[in-house]
Amino acid sequence: MLIQAPKGTNDILPEDIHRWQHVERMFATLCAQFGYREIRIPVFEHTELFFRGVGETTDIVQKEMYTFEDKSGRSLTLRPEGTAGVVRSYIEHGMSSQAQPVKLYYNLTAYRYEKMQKGRYREFHQFGMELFGAADPAADAEIISLLALFFERLGIGNLSLNLNSIGCPVCRTDYNQILREFLSDRIVTLCETCRDRYDRNPMRILDCKEESCRQQVKQAPALLDHICEDCRGHFDALCSKLEIMGIRYAIDKGIVRGLDYYTRTVFEFVSRNIGTQGTVCGGGRYDGLMEACGGPKTPGIGFGLGVERLLMEMESQCLEIALPEPPLIYIGSIGDRAIAAVETMCCDMRRKGISCVKDVMGRSVKAQMKYADKMGTRYTMVLGDNEIESGRAALRDMKSGESKDISLDSLTDRLLKFKEA
RNA sequence: GUGGGUGUAGCUCAAUCGGCAGAGCGCCAGAUUGUGGUUCUGGAGGUCAUGGGUUCGAUCCCCAUUACCCACCCCA
């Protein structure tokens, strides 16, 4: 093998494509029903955007981005997620002057340089959604209910919805103080970076990878227990809306996500069936993001959904997805006259919208029929000199094996009727 | 970034205690010269992951590399 696909990338083969097309169609339909419109953004952006939009302190920005210089020396980066690009587009196209709220959805690939394993790839597919302009908990509830309906329509059961609130910058300032007090007599046991974090951003200590730090932090007070009154009200309102809609959830005080610009609601839908990379969908509110990217102060909420993981989950639940329709008819040919006649017939039928296939290898009738069978066409017909002379041929139904002698002139009309049936 | 497992045909896998590499499936062709599915026969297809070492001889033993799979971590 001379050249393989780069590590962490996958070909999506014709055998599997119907699964992808199915969930893509379902998602697009659902979004439209909720009044969301599709947006498509570039695969690469200025690196600076992700510094601001994802956060310079995050793992994603610090070690996982595909960053390169183009020929004029600009620093560009393959998008590691969708939200930053959508926010940039919102600002750039002045969407703040459109009717509010602005509701957008997308289906895109994202790129992260990570050590790969099950459910984690360097190029992966994400469905996502952003709702701009709405600060009300009703917006949070709508996004979550849309997801719940999406999974329901796909027939996916038993995903658990985990919910948390990480408050606003105000409660985080207070919480940081509480955290510092908790950590003050343990600071000597923390790693060097964490001792540094103690003053600048103590919350980052909570997800330090050093084993010793993780031990120290286990008993730390939870942010959810210390959010301000407004944030508490927002969270409680969301919870009660979910309850009214009959959406089951669990509160998980451990969900934090990219802390820098996220505010209040954070949530994820998690599977237990698809390995350790069980987060099928993660999202949250980011009321500070638009401003951080240089736009007008605008609340926002959204999510990203891993399509590979979604399909894995569906596979693990043995959900059947209908195969695509094969071509309606295969028309075989024997001899030069028939080959010419079949070419003309196929041109004509295709123009009328009938899917038909013919030989392009000059093979034997037997080989042609075998091929038709493997493709699964519903009908076959073979033309030779006799059929050209008489203007009649046998139309065979491949499932029943029965043939019917029909005139070639009537073939197109018949097939158009079969197609509708 | 850390650890464990596996690399033999397009796919799923054998075998060789170190001596010319195998099956099933798939693909191609044939079985009274013009008709698929079942059956039978034949054929094509391998740098035995790559590079070094030991050996008369390595797909097999040793070392390194690489890829894939899985876990830690992080996330979608």
Side-chain angles (χ1 to χ4, degrees), chain A residues 1-10 13 15 54 58-64 79-83 106-129 147 159 207-211 213-214 254-258 266-271 274-284 302-313 326 329-335 338 359 361 363-388 393-403:
Chain A
M1 197 48 192
L2 190 61
I3 298 173
Q4 291 178 283
K7 197 183 179 107
T9 64
N10 292 106
L13 300 172
E15 298 85 286
V54 179
T58 58
D59 277 6
I60 292 176
V61 168
Q62 284 186 348
K63 43 193 191 195
E64 293 177 359
R79 60 188 175 210
E81 52 99 54
T83 303
Y106 54 79
N107 169 14
L108 50 71
T109 52
Y111 304 85
R112 292 182 199 172
Y113 187 86
E114 287 198 87
K115 182 137 182 196
M116 52 162 308
Q117 64 182 275
K118 186 172 184 170
R120 193 168 75 186
Y121 310 103
R122 291 183 174 179
E123 178 185 66
F124 61 99
H125 295 73
Q126 238 183 26
F127 293 161
M129 180 171 262
L147 282 162
L159 281 182
D207 55 13
C208 179
K209 269 147 226 143
E210 291 289 330
E211 186 54 33
C213 298
R214 288 166 63 204
I255 308 177
V256 281
R257 336 193 61 79
V266 287
F267 63 88
E268 29 183 62
F269 283 86
V270 182
S271 159
I274 59 173
T276 28
Q277 310 302 315
T279 305
V280 173
C281 172
F303 66 82
L305 184 150
V307 184
E308 285 85 354
R309 291 180 189 177
L310 179 74
L311 291 170
M312 268 189 245
E313 175 64 20
I329 185 169
Y330 184 98
I331 307 181
S333 51
I334 307 156
D359 175 64
M361 288 175 79
R363 291 204 290 187
S364 70
V365 180
K366 192 182 177 85
Q368 293 185 47
M369 294 302 288
K370 258 185 150 163
Y371 185 67
D373 181 54
K374 272 163 202 154
M375 257 188 315
T377 60
R378 255 166 76 195
Y379 301 99
T380 58
M381 175 176 270
V382 176
L383 299 194
D385 288 341
N386 298 344
E387 286 78 6
I388 304 294
L395 177 66
R396 174 181 294 196
D397 181 318
M398 291 296 271
K399 254 182 210 136
S400 66
E402 286 163 16
S403 304

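Hydrogens, waters and symmetry mates play no part in the numbers below; they use all other heavy atoms, side chains included. Predicted model only: the values in this text are computed from it and were never measured. By convention in this document, chain letters (A, B, ...) are assigned in the order of the sequence lines, proteins followed by strands, and residues within each chain are numbered from 1.
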Check: Which dot-bracket string describes RNA chain B (Watson-Crick N1-N3 plus N6-O4 or O6-N4, or G-U N1-O2 and O6-N3, all under 3.5 Å; [ ] crossing; | other strand)?
Finding: (((((((..((((.....[..)))).(((((.......))))).....(((((..]....))))))))))))....
Which residues pass the ring pair (Phe, Tyr, Trp, His ring centres under 6.0 Å) test with [X], not counting sequence neighbours?
{"X": "A:Y111", "answer": "none"}
{"X": "A:F127", "answer": "A:F27"}
{"X": "A:F303", "answer": "none"}

For [X], enumerate each residue passing the side chain to side chain donor-acceptor pair (under 3.5 Å) test, keeping only those at least two apart in sequence or located in another chain.
{"X": "A:S271", "result": "A:E313"}
{"X": "A:E64", "result": "none"}
{"X": "A:R79", "result": "A:T109"}

Next item on the list: In whole angstrom, give me the gap between the P atoms of B:rA64 and B:rG4.
Entry: 12 Å
With sugar-phosphate meaning primed atoms plus P, OP1 and OP2, does [X] contact a base, only sugar-phosphate, or nothing at under 4.0 Å between heavy atoms?
{"X": "A:V307", "result": "nothing"}
{"X": "A:G335", "result": "nothing"}
{"X": "A:R122", "result": "nothing"}
{"X": "A:G332", "result": "nothing"}
{"X": "A:E114", "result": "base"}

Checklist line | salt bridge (Lys or Arg N to Asp or Glu O under 4.0 Å) pairs, two or more places apart, involving residues 365-387 of chain A | finding: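 Output for this query is empty, none listed.
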Note to self: Distance check needed: B:rA76 C1' versus A:R112 CZ, whole Å only.
What the structure shows: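 So the two atoms are 6 Å apart, to the nearest Å.
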Next item on the list: Rounded off to whole Å, could you give me the CG-to-C1' distance for the A:L13 and B:rG10 pair?
Entry: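 Going from CG in A:L13 over to C1' in B:rG10 covers 12 Å.
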Next item on the list: Go through the structure and list residues passing salt bridge (Lys or Arg N to Asp or Glu O under 4.0 Å) with A:E81, not counting sequence neighbours.
Entry: none
Item checked: Set of residues satisfying side-chain contact (heavy atoms from CB on, under 4.5 Å) with respect to A:I334, sequence neighbours excluded ->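 In terms of side-chain contact (heavy atoms from CB on, under 4.5 Å), with neighbours along the sequence ignored, A:I334 is linked to A:V365, A:V382.
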Note to self: Given A:E308, which partner from the list A:H125, A:R120, A:K118 fulfils the side chain to side chain donor-acceptor pair (under 3.5 Å) test?
What the structure shows: A:H125
Note to self: Does the protein touch nucleotides 35-41 of chain B at the base, only the backbone, or not at all? Give it as B, S and - per nucleotide, heavy atoms under 4.0 Å.
What the structure shows: BBB----
Show me the protein contacts with nucleotides 66-69 of chain B, counting only N or O atoms at under 3.5 Å.
from: B:rC68; atom 1: OP2; to: A:K7; atom 2: NZ; distance (Å): 3.2

